[in-house]
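Structure first, then comments.
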Amino acid sequence: KIKTIKDLSGVGQALLGKLTEAGYSTLESIAVASPQDLSTAAGIPLTTAQRIIKEARDALDIRFKTALEIEQERANVKKITTGSQALDGLLGGGIETRTMTELFGEFGSGKTQICHQVSVNVQLPPEKGGLSGKALYIDTEGTFRTERIKAMASAIGLDPKEVLQNIMSIRAINTDHQIAIVEELQDIIARDESIKLIVVDSVTSHFRAEYSGRENLAVRQQKLNRHLHQLVRLAEIYDLAVIVTNQVMARPDMFYGDPTVAVGGHTLYHVPGIRVQIKKSRGNRRIARMVDAPHLPEGEVVFSITNTGIRD
Ligand code: ADP
Ligand code: MG
C-alpha cells in the first residue's frame with residue numbers, strides 16, 4: 001500500500017531527492033501538482049510525472065465520492081472516552097480517530113492531565129470506551145508523569161504496569177527534534193498498528209521559544225503547519241487519534257475580546273480537526289468549550305480533574 005512518496009513506483013533514492021528538493025515532500029503535494037510543473041521542477045520526464053501524480057491521487061483516494069460512501073467512511077471513526085461523560089458528549093462521543101484534536105488553554109488548565117487520561121483509556125477494550133490500543137507520547141515540556149498514569153490506570157481497574165508498558169514516551173528537545181520524531185512515526189506505526197493514539201504535549205512550546213519575534217513568524221507558521229499536517233495524515237492513514245496541546249497565555253494588556261491568545265497564532269486554524277478550549281473554573285472544576293469542529297455544535301461543559309483522573 002502506498003503511504004509515502006517512497007512507495008510510489010519507480011521512486012528510488014535519486015528521484016526522492018529530486019522531488020524533495022523541488023518542494024514535493026508529501027503525497028498531497030504530488031497529487032495536486034500539474035504534470036508540467038512537476039516534470040520541470042524535478043527534472044523528470046512528463047510521463048513519469050503523470051504516472052506518479054495518478055498513483056498519489058489513487059493512494060489518497062482523491063476523487064468524487066457519493067455522499068453514501070462518505071457516510072460509510074465516517075461510520076468507521078472510533079472514539080476514546082476521556083473519563084468524563086460531559087466532555088465525551090461535547091466531543092460527540094470521545095476523542096475521535098482519523099482526526100487531530102487540539103486542546104488549548106492556559107497553564108494549569110488540565111491539558112496534560114487529559115493527555116495522560118486518554119493514553120490510559122485508549123488501552124481499554126471497545127466496550128469500555130477504548131480501542132485496546134497503545135499510545136505514543138511526545139513530551140516537549142517534561143511533564144509526562146508515570147505516577148499519574150499508574151493512578152489513572154488503577155482507578156479504572158487496569159494493571160498499572162501493563163498500562164505503562166503500552167505507552168511509549170519520548171522527550172523532544174527542540175523543534176528540529178520534534179519534527180524528526182514525527183517524520184519517523186510513519187515507520188514505527190507501520191510496524192505496530194496497535195498504536196491508536198499519538199499525543200504531542202505541547203505542539204507549540206518549542207516553536208514559540210525558537211521562533212519568537214515578528215520577523216520569524218512566517219517561518220514558524222510554515223514549519224508548524226507542515227508538522228501538523230503530517231500528524232493529521234498519520235491519523236487518517238492509520239485510523240488513530242492525535243491529540244496536540246497548545247498553551248495560550250493570559251494577555252493582561254488586552255482589555256476587551258478574548259483575554260487569551262493561542263500561541264500558534266492562527267496557524268492551527270488552517271489545519272483540519274477539532275479545537276477545544278480548556279478554562280479554569282472553581283477548584284478542580286474545568287470548563288471545556290468546543291471552538292470549531294466541522295460536525296459538532298459549539299457548546300461548553302464542566303468536568304473535573306481528580307486524583308484518579310478526568311471525571312464529571
Ligand atoms: P496544563 O497542561 O494545561 O498546563 P495540567 O494538565 O498539568 O495543566 O493540569 C494541572 C492541574 O491538574 C493542577 O493544577 C491540578 O489542579 C491538577 N492535578 C494534577 N495532578 C493532580 C492530582 N494528582 N490530583 C488532583 N489534581 C491534580
Ligand atoms: Mg501541560
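Ligands are counted one by one from 1 in listed order, and the atoms in each one are counted from 1 as well. Values in this document were obtained by computation on a predicted structure and should not be read as measured data.
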Can you tell me if [X] has a non-hydrogen atom under 4.0 Å from ligand 1?
X	value
T143	no
R148	yes
R286	yes
N284	no

Quick test: of every protein heavy atom, which one is nearest to [atom], and how far off is it to 0.1 Å?
atom	answer
atom 8 (O) of ligand 1	G110 N, 3.1 Å
atom 6 (O) of ligand 1	Q113 N, 2.8 Å
atom 17 (C) of ligand 1	I305 CG2, 3.7 Å
atom 24 (N) of ligand 1	N307 CA, 3.2 Å
atom 2 (O) of ligand 1	T112 OG1, 2.7 Å

For ligand 1, which part of E147 has a heavy atom less than 4.0 Å away: the side chain, the backbone, both, or neither? neither
Can you list the atoms of ligand 1 that are under 4.0 Å from a heavy atom of [X]?
X	answer
E106	3 (O)
S109	1 (P), 3 (O), 8 (O)
T306	24 (N), 25 (C)
F107	4 (O)

Mark yes or no for whether E69, through its side chain, and T66, through its backbone, hold a donor-acceptor pair below 3.5 Å. yes
Just by distance, do the side chain of S304 and the backbone of N284 share a donor-acceptor pair under 3.5 Å? no
[Y] versus [X], side-chain donor and acceptor atoms under 3.5 Å:
X	Y	answer
T308	T306	yes
S169	D139	no
D312	Q85	no
T112	R148	no
T81	N121	no

Passing candidate, salt bridge (Lys or Arg N to Asp or Glu O under 4.0 Å) with K3, options E55, E236, E193: E193
Please determine whether T112 has a backbone or side-chain N, O or S atom lying under 2.8 Å from the Mg ion (ligand 2). yes
Ignoring angles and geometry beyond distance, decide whether G108 reaches within less than 3.5 Å of ligand 1 through its nitrogen or oxygen atoms. yes
Specify whether Y137 and H116 have parallel, tilted or perpendicular ring planes, treating 30° as the upper limit for parallel and 60° as the lower limit for perpendicular. perpendicular
Does the cation-pi check pass for R171 over F144, that is, NZ or CZ under 6.0 Å from the six-membered ring centre and within 45° of its axis? no
